[in-house]
Amino acid sequence: MKKLLGLAAFLVLLYLLMLWADDSARSLPNHFNLGKRIGLYGVISLGAGILIITGGIDLSIGSVVGFCATVMAMLLTNPHTHWHPAAATAAVLGLGALIGLVNGLIVTKLKVQAFVVTLCGLFIYRGAARWLAGDKVQGLGNSFPRWKYLLAKSHDVLGLPMSLVIFLALAAVATVFLHRSVYGRYLFAIGSNEQAARYAGVPTDRYRIAAYVLCSTLAAFFAILFLMEENSVQPSNTGSFFELYAIAGAVLGGCSLRGGEGSVLGILIGTAIIRILPTFTQMWRVDASLEYTVIGGALLLGALLDEFLRRRAK
(Lines give C-alpha, C1' and ligand atoms only; values in the text may rest on other atoms or scores of the structure.)
Protein backbone atom coordinates (compact mmCIF):
# COMPACT_ATOMS: atom_id res chain seq x y z
CA MET A 1 0.00 0.00 0.00
CA LYS A 2 2.85 2.39 0.82
CA LYS A 3 4.36 1.83 -2.59
CA LEU A 4 1.03 2.49 -4.31
CA LEU A 5 0.67 5.74 -2.40
CA GLY A 6 4.19 6.72 -3.40
CA LEU A 7 3.51 5.88 -7.06
CA ALA A 8 0.23 7.82 -6.96
CA ALA A 9 2.04 10.82 -5.48
CA PHE A 10 4.70 10.60 -8.18
CA LEU A 11 2.02 10.40 -10.87
CA VAL A 12 0.25 13.48 -9.49
CA LEU A 13 3.54 15.39 -9.29
CA LEU A 14 4.43 14.42 -12.86
CA TYR A 15 0.98 15.46 -14.06
CA LEU A 16 1.13 18.84 -12.30
CA LEU A 17 4.60 19.55 -13.68
CA MET A 18 3.34 18.70 -17.16
CA LEU A 19 0.43 21.13 -16.77
CA TRP A 20 2.76 23.83 -15.50
CA ALA A 21 5.20 23.43 -18.37
CA ASP A 22 2.96 24.52 -21.25
CA ASP A 23 -0.52 25.95 -21.81
CA SER A 24 -1.26 23.32 -24.46
CA ALA A 25 -0.82 20.60 -21.85
CA ARG A 26 -4.01 21.82 -20.16
CA SER A 27 -6.09 21.57 -23.32
CA LEU A 28 -8.93 19.08 -23.66
CA PRO A 29 -7.45 17.47 -26.83
CA ASN A 30 -4.19 16.77 -25.00
CA HIS A 31 -6.02 15.11 -22.12
CA PHE A 32 -8.17 13.11 -24.53
CA ASN A 33 -5.14 11.84 -26.45
CA LEU A 34 -3.34 11.08 -23.21
CA GLY A 35 -6.30 9.07 -21.95
CA LYS A 36 -6.49 7.24 -25.26
CA ARG A 37 -2.83 6.20 -25.03
CA ILE A 38 -3.15 5.13 -21.40
CA GLY A 39 -6.17 2.99 -22.27
CA LEU A 40 -4.55 1.44 -25.32
CA TYR A 41 -1.21 0.55 -23.76
CA GLY A 42 -2.85 -0.40 -20.50
CA VAL A 43 -4.27 -3.48 -22.21
CA ILE A 44 -0.85 -5.05 -22.81
CA SER A 45 0.49 -3.85 -19.45
CA LEU A 46 -2.40 -5.66 -17.78
CA GLY A 47 -1.55 -8.88 -19.61
CA ALA A 48 2.15 -8.56 -18.78
CA GLY A 49 1.34 -7.77 -15.15
CA ILE A 50 -0.81 -10.88 -14.67
CA LEU A 51 1.98 -13.02 -16.10
CA ILE A 52 4.68 -11.33 -14.01
CA ILE A 53 2.65 -11.98 -10.85
CA THR A 54 3.05 -15.72 -11.52
CA GLY A 55 6.80 -15.27 -11.94
CA GLY A 56 6.69 -15.44 -15.74
CA ILE A 57 7.84 -13.08 -18.46
CA ASP A 58 6.95 -12.55 -22.12
CA LEU A 59 9.38 -10.79 -24.43
CA SER A 60 7.36 -11.58 -27.54
CA ILE A 61 4.42 -9.24 -26.81
CA GLY A 62 5.47 -6.66 -29.40
CA SER A 63 5.98 -9.24 -32.13
CA VAL A 64 2.65 -10.88 -31.27
CA VAL A 65 1.04 -7.46 -31.68
CA GLY A 66 2.65 -7.01 -35.12
CA PHE A 67 1.78 -10.57 -36.20
CA CYS A 68 -1.84 -10.43 -35.03
CA ALA A 69 -2.41 -6.96 -36.49
CA THR A 70 -1.03 -8.19 -39.82
CA VAL A 71 -3.26 -11.26 -39.79
CA MET A 72 -6.29 -9.13 -38.87
CA ALA A 73 -5.64 -6.70 -41.73
CA MET A 74 -5.17 -9.52 -44.22
CA LEU A 75 -8.32 -11.34 -43.14
CA LEU A 76 -10.35 -8.17 -43.58
CA THR A 77 -8.88 -7.05 -46.89
CA ASN A 78 -8.14 -10.33 -48.69
CA PRO A 79 -10.28 -10.24 -51.87
CA HIS A 80 -10.81 -14.01 -51.74
CA THR A 81 -12.22 -14.16 -48.20
CA HIS A 82 -13.60 -10.79 -47.02
CA TRP A 83 -14.03 -11.96 -43.47
CA HIS A 84 -16.63 -10.22 -41.39
CA PRO A 85 -14.90 -8.04 -38.75
CA ALA A 86 -16.50 -10.01 -35.90
CA ALA A 87 -15.26 -13.32 -37.30
CA ALA A 88 -11.80 -11.89 -37.95
CA THR A 89 -11.65 -10.51 -34.41
CA ALA A 90 -12.58 -13.89 -32.94
CA ALA A 91 -9.99 -15.63 -35.12
CA VAL A 92 -7.21 -13.22 -34.10
CA LEU A 93 -8.08 -13.53 -30.42
CA GLY A 94 -7.96 -17.30 -30.87
CA LEU A 95 -4.57 -16.95 -32.53
CA GLY A 96 -3.30 -14.94 -29.57
CA ALA A 97 -4.62 -17.56 -27.14
CA LEU A 98 -2.92 -20.32 -29.17
CA ILE A 99 0.42 -18.48 -29.03
CA GLY A 100 0.09 -18.15 -25.26
CA LEU A 101 -0.83 -21.82 -24.97
CA VAL A 102 2.27 -22.87 -26.91
CA ASN A 103 4.48 -20.61 -24.77
CA GLY A 104 2.94 -21.93 -21.57
CA LEU A 105 3.26 -25.59 -22.57
CA ILE A 106 6.92 -25.22 -23.53
CA VAL A 107 7.70 -23.40 -20.27
CA THR A 108 5.79 -25.78 -17.97
CA LYS A 109 6.06 -29.17 -19.68
CA LEU A 110 9.44 -28.93 -21.39
CA LYS A 111 10.93 -26.79 -18.60
CA VAL A 112 12.52 -24.28 -20.98
CA GLN A 113 13.12 -20.87 -19.42
CA ALA A 114 10.41 -18.34 -20.22
CA PHE A 115 13.05 -15.79 -21.20
CA VAL A 116 14.38 -18.11 -23.92
CA VAL A 117 10.96 -19.25 -25.16
CA THR A 118 9.52 -15.77 -25.54
CA LEU A 119 12.75 -14.31 -26.91
CA CYS A 120 12.59 -16.92 -29.68
CA GLY A 121 8.94 -15.99 -30.19
CA LEU A 122 9.95 -12.36 -30.62
CA PHE A 123 11.88 -13.33 -33.74
CA ILE A 124 9.48 -16.03 -34.96
CA TYR A 125 6.31 -13.92 -34.97
CA ARG A 126 8.02 -10.88 -36.45
CA GLY A 127 9.38 -12.98 -39.28
CA ALA A 128 6.02 -14.68 -39.79
CA ALA A 129 4.28 -11.30 -40.08
CA ARG A 130 6.75 -10.07 -42.67
CA TRP A 131 6.47 -13.32 -44.67
CA LEU A 132 2.67 -13.39 -44.66
CA ALA A 133 2.40 -9.79 -45.84
CA GLY A 134 5.31 -9.94 -48.25
CA ASP A 135 6.90 -7.29 -46.03
CA LYS A 136 4.34 -4.77 -47.30
CA VAL A 137 2.13 -2.37 -45.39
CA GLN A 138 -1.38 -3.71 -44.86
CA GLY A 139 -4.01 -0.97 -44.73
CA LEU A 140 -7.76 -0.87 -44.22
CA GLY A 141 -8.40 2.29 -46.24
CA ASN A 142 -11.89 3.67 -45.75
CA SER A 143 -13.44 0.29 -45.07
CA PHE A 144 -15.07 -0.87 -41.83
CA PRO A 145 -15.98 2.61 -40.47
CA ARG A 146 -18.47 1.24 -37.94
CA TRP A 147 -15.98 -1.28 -36.55
CA LYS A 148 -13.31 1.40 -36.27
CA TYR A 149 -15.76 3.69 -34.52
CA LEU A 150 -16.82 0.95 -32.13
CA LEU A 151 -13.30 -0.08 -31.09
CA ALA A 152 -10.92 2.78 -31.43
CA LYS A 153 -11.67 5.94 -33.32
CA SER A 154 -11.63 9.26 -31.51
CA HIS A 155 -15.06 9.39 -29.95
CA ASP A 156 -15.91 9.56 -26.29
CA VAL A 157 -18.04 7.59 -23.89
CA LEU A 158 -19.18 9.88 -21.08
CA GLY A 159 -16.25 12.13 -21.99
CA LEU A 160 -13.66 9.33 -21.91
CA PRO A 161 -11.79 7.89 -24.93
CA MET A 162 -13.13 4.53 -26.08
CA SER A 163 -9.80 2.78 -25.51
CA LEU A 164 -9.71 4.03 -21.91
CA VAL A 165 -13.25 2.78 -21.31
CA ILE A 166 -12.27 -0.65 -22.68
CA PHE A 167 -9.17 -0.75 -20.48
CA LEU A 168 -11.10 0.27 -17.35
CA ALA A 169 -13.65 -2.46 -18.05
CA LEU A 170 -10.85 -5.03 -18.43
CA ALA A 171 -9.19 -3.69 -15.28
CA ALA A 172 -12.44 -4.11 -13.34
CA VAL A 173 -12.72 -7.73 -14.45
CA ALA A 174 -9.03 -8.33 -13.66
CA THR A 175 -9.47 -6.80 -10.20
CA VAL A 176 -12.24 -9.25 -9.35
CA PHE A 177 -10.25 -12.12 -10.82
CA LEU A 178 -6.92 -11.32 -9.14
CA HIS A 179 -7.99 -9.86 -5.82
CA ARG A 180 -11.44 -11.30 -5.15
CA SER A 181 -11.27 -14.90 -6.36
CA VAL A 182 -9.48 -18.05 -5.33
CA TYR A 183 -8.00 -18.33 -8.83
CA GLY A 184 -6.25 -14.99 -8.44
CA ARG A 185 -4.85 -16.12 -5.09
CA TYR A 186 -3.48 -19.19 -6.84
CA LEU A 187 -1.56 -16.95 -9.26
CA PHE A 188 -0.04 -14.97 -6.40
CA ALA A 189 0.82 -18.19 -4.57
CA ILE A 190 2.56 -19.61 -7.63
CA GLY A 191 4.60 -16.44 -8.02
CA SER A 192 5.55 -16.35 -4.34
CA ASN A 193 6.54 -20.01 -3.99
CA GLU A 194 5.60 -22.40 -6.76
CA GLN A 195 6.76 -25.50 -4.91
CA ALA A 196 4.75 -24.65 -1.81
CA ALA A 197 1.69 -23.93 -3.96
CA ARG A 198 2.07 -27.33 -5.64
CA TYR A 199 2.31 -29.08 -2.27
CA ALA A 200 -0.85 -27.21 -1.23
CA GLY A 201 -2.71 -28.84 -4.11
CA VAL A 202 -2.67 -25.97 -6.60
CA PRO A 203 -2.39 -27.21 -10.22
CA THR A 204 0.53 -24.86 -10.86
CA ASP A 205 1.21 -25.81 -14.47
CA ARG A 206 -2.41 -25.22 -15.43
CA TYR A 207 -2.49 -21.74 -13.94
CA ARG A 208 0.89 -20.75 -15.34
CA ILE A 209 -0.31 -21.79 -18.80
CA ALA A 210 -3.49 -19.77 -18.23
CA ALA A 211 -1.39 -16.71 -17.42
CA TYR A 212 0.52 -17.02 -20.70
CA VAL A 213 -2.75 -17.46 -22.59
CA LEU A 214 -4.21 -14.33 -20.97
CA CYS A 215 -1.09 -12.31 -21.75
CA SER A 216 -0.98 -13.25 -25.44
CA THR A 217 -4.74 -12.91 -25.86
CA LEU A 218 -4.62 -9.37 -24.49
CA ALA A 219 -1.70 -8.67 -26.86
CA ALA A 220 -3.88 -9.88 -29.74
CA PHE A 221 -6.75 -7.69 -28.54
CA PHE A 222 -4.38 -4.74 -28.36
CA ALA A 223 -3.31 -5.51 -31.94
CA ILE A 224 -6.93 -5.23 -33.09
CA LEU A 225 -7.45 -1.94 -31.26
CA PHE A 226 -4.16 -0.61 -32.61
CA LEU A 227 -5.03 -1.55 -36.18
CA MET A 228 -8.43 0.11 -35.94
CA GLU A 229 -6.83 3.24 -34.52
CA GLU A 230 -3.89 3.49 -36.92
CA ASN A 231 -5.74 2.06 -39.96
CA SER A 232 -2.66 0.17 -41.16
CA VAL A 233 0.10 -2.14 -40.01
CA GLN A 234 3.75 -2.32 -41.01
CA PRO A 235 4.82 -5.95 -40.43
CA SER A 236 8.49 -5.04 -40.04
CA ASN A 237 8.09 -2.64 -37.13
CA THR A 238 4.53 -2.43 -35.75
CA GLY A 239 4.76 -3.45 -32.12
CA SER A 240 8.51 -2.90 -31.81
CA PHE A 241 9.48 -2.24 -28.16
CA PHE A 242 5.85 -2.64 -27.07
CA GLU A 243 6.86 -5.53 -24.82
CA LEU A 244 9.17 -3.12 -23.00
CA TYR A 245 6.37 -0.61 -22.47
CA ALA A 246 4.08 -3.39 -21.23
CA ILE A 247 6.64 -4.80 -18.80
CA ALA A 248 7.73 -1.32 -17.71
CA GLY A 249 4.16 -0.27 -16.94
CA ALA A 250 3.57 -3.42 -14.88
CA VAL A 251 6.89 -3.31 -13.02
CA LEU A 252 6.69 0.41 -12.34
CA GLY A 253 3.20 -0.24 -11.00
CA GLY A 254 4.51 -2.65 -8.39
CA CYS A 255 4.57 -6.06 -10.11
CA SER A 256 7.78 -7.63 -8.86
CA LEU A 257 9.80 -9.57 -11.43
CA ARG A 258 10.39 -12.11 -8.68
CA GLY A 259 6.67 -12.89 -8.82
CA GLY A 260 3.96 -12.96 -6.18
CA GLU A 261 3.37 -9.20 -5.98
CA GLY A 262 1.32 -6.68 -7.89
CA SER A 263 -2.11 -5.12 -8.24
CA VAL A 264 -4.39 -3.95 -11.03
CA LEU A 265 -4.47 -0.44 -9.56
CA GLY A 266 -0.67 -0.38 -9.56
CA ILE A 267 -0.59 -1.47 -13.21
CA LEU A 268 -2.99 1.35 -14.07
CA ILE A 269 -0.81 3.90 -12.25
CA GLY A 270 2.38 2.51 -13.81
CA THR A 271 0.89 2.65 -17.30
CA ALA A 272 -0.25 6.23 -16.73
CA ILE A 273 3.27 7.23 -15.65
CA ILE A 274 4.86 5.53 -18.67
CA ARG A 275 2.44 7.27 -21.08
CA ILE A 276 2.67 10.69 -19.41
CA LEU A 277 6.47 10.72 -19.53
CA PRO A 278 6.71 11.28 -23.33
CA THR A 279 4.22 14.16 -23.09
CA PHE A 280 6.12 15.49 -20.08
CA THR A 281 9.40 15.52 -21.99
CA GLN A 282 7.72 17.21 -24.94
CA MET A 283 6.13 19.94 -22.83
CA TRP A 284 9.41 20.63 -21.04
CA ARG A 285 11.23 20.88 -24.40
CA VAL A 286 13.46 17.90 -23.65
CA ASP A 287 15.22 16.61 -26.76
CA ALA A 288 13.07 13.88 -28.34
CA SER A 289 16.10 11.62 -28.56
CA LEU A 290 16.18 11.52 -24.74
CA GLU A 291 12.62 10.17 -24.39
CA TYR A 292 13.79 6.60 -23.84
CA THR A 293 16.41 7.84 -21.38
CA VAL A 294 13.70 9.54 -19.32
CA ILE A 295 11.50 6.44 -19.38
CA GLY A 296 14.43 4.20 -18.47
CA GLY A 297 15.38 6.50 -15.62
CA ALA A 298 11.83 6.44 -14.26
CA LEU A 299 11.78 2.64 -14.44
CA LEU A 300 15.12 2.45 -12.63
CA LEU A 301 13.80 4.74 -9.89
CA GLY A 302 10.78 2.49 -9.56
CA ALA A 303 13.01 -0.58 -9.22
CA LEU A 304 15.16 1.17 -6.60
CA LEU A 305 12.04 2.20 -4.69
CA ASP A 306 10.79 -1.39 -4.77
CA GLU A 307 14.08 -2.70 -3.39
CA PHE A 308 14.18 0.01 -0.70
CA LEU A 309 10.67 -0.79 0.50
CA ARG A 310 11.45 -4.51 0.52
CA ARG A 311 14.43 -3.95 2.80
CA ARG A 312 12.43 -1.66 5.08
CA ALA A 313 9.76 -4.35 5.38
CA LYS A 314 12.26 -6.99 6.61
Subject >> Distance-only polar pair, side chains of Arg37 and Ser163, donor-acceptor under 3.5 Å >> reply: no
Original post:
Do we see a donor-acceptor contact under 3.5 Å between the side chains of Gln234 and Ser236?
Top reply: yes
Original post:
About how many Å separate CE of Met18 and CH2 of Trp20, when rounded to the nearest 0.5 Å?
Top reply: 14.5 Å
Original post:
What's the spacing between Leu40 CG and Glu230 CD if we round to 0.5 Å?
Top reply: 8.0 Å
Between [X] and [Y], is there a shared hydrophobic cluster once you connect ILVMFWY residues whose side-chain heavy atoms come closer than 4.5 Å?
X      : Y      : answer
Ile267 : Val176 : no
Ile50  : Val173 : no
Trp131 : Ile99  : yes
Leu170 : Tyr183 : yes
Phe115 : Phe242 : yes

**OP:** Before giving the answer on side chain to side chain contact (heavy atoms under 4.5 Å, CB included), spell out for Thr238 and Leu227 the whole-Å C-alpha distance, their side-chain angles and the decisive distance to 0.1 Å.
**Re:** CA-CA 10 Å; Thr238 293; Leu227 174 64; over 6 Å; no
Original post:
So, the side chain of Ser63 versus the backbone of Ser60: is there a donor-acceptor pair under 3.5 Å, distance only?
Top reply: no
Original post:
Would you say Asn237's side chain and Ser240's backbone share a donor-acceptor pair under 3.5 angstrom?
Top reply: no
Looking at every non-hydrogen atom in both residues, tell me the closest pair between [X] and [Y] and how far apart they are.
X      : Y      : result
Leu17  : Phe280 : CB-CE1, 3.6 Å
Tyr212 : Gly104 : CD1-CA, 3.8 Å
Gly96  : Ala220 : CA-CB, 3.8 Å
Ile61  : Cys215 : CD1-SG, 3.8 Å
Val43  : Leu218 : CG1-O, 3.5 Å
Leu252 : Gly270 : CD2-O, 4.1 Å

**OP:** Using a 4.5 Å cut-off on heavy atoms from C-beta on, say whether the side chain of Glu261 contacts that of Ile52.
**Re:** no
Original post:
Considering only heavy atoms from C-beta outward, does the side chain of Val71 approach that of Leu95 to under 4.5 Å?
Top reply: yes
**OP:** Let me know which of Ile53, Thr204, Asp205 forms a side-chain contact (heavy atoms from CB on, under 4.5 Å) with Ile190.
**Re:** Thr204
Original post:
Mind checking what makes side chain to side chain contact (heavy atoms under 4.5 Å, CB included) contact with Ala97, not counting sequence neighbours?
Top reply: Val213, Thr217
Look at the rings of [X] and [Y] and say which category their plane angle falls in: under 30° parallel, 30 to 60° tilted, over 60° perpendicular.
X      : Y      : value
Tyr125 : Phe67  : parallel
Phe222 : Phe226 : parallel
Tyr15  : His31  : perpendicular

Subject >> By side chain to side chain donor-acceptor pair (under 3.5 Å) - contacts of Asp135 (at least two apart) >> reply: Arg130
**OP:** Run the numbers on Leu51 and Leu214 for side chain to side chain contact (heavy atoms under 4.5 Å, CB included), then give the verdict.
**Re:** CA-CA 8 Å; Leu51 181 57; Leu214 281 172; over 6 Å; no
Original post:
Looking at Glu229 and Lys36, does any basic side-chain N land under 4.0 Å from a carboxylate oxygen?
Top reply: yes
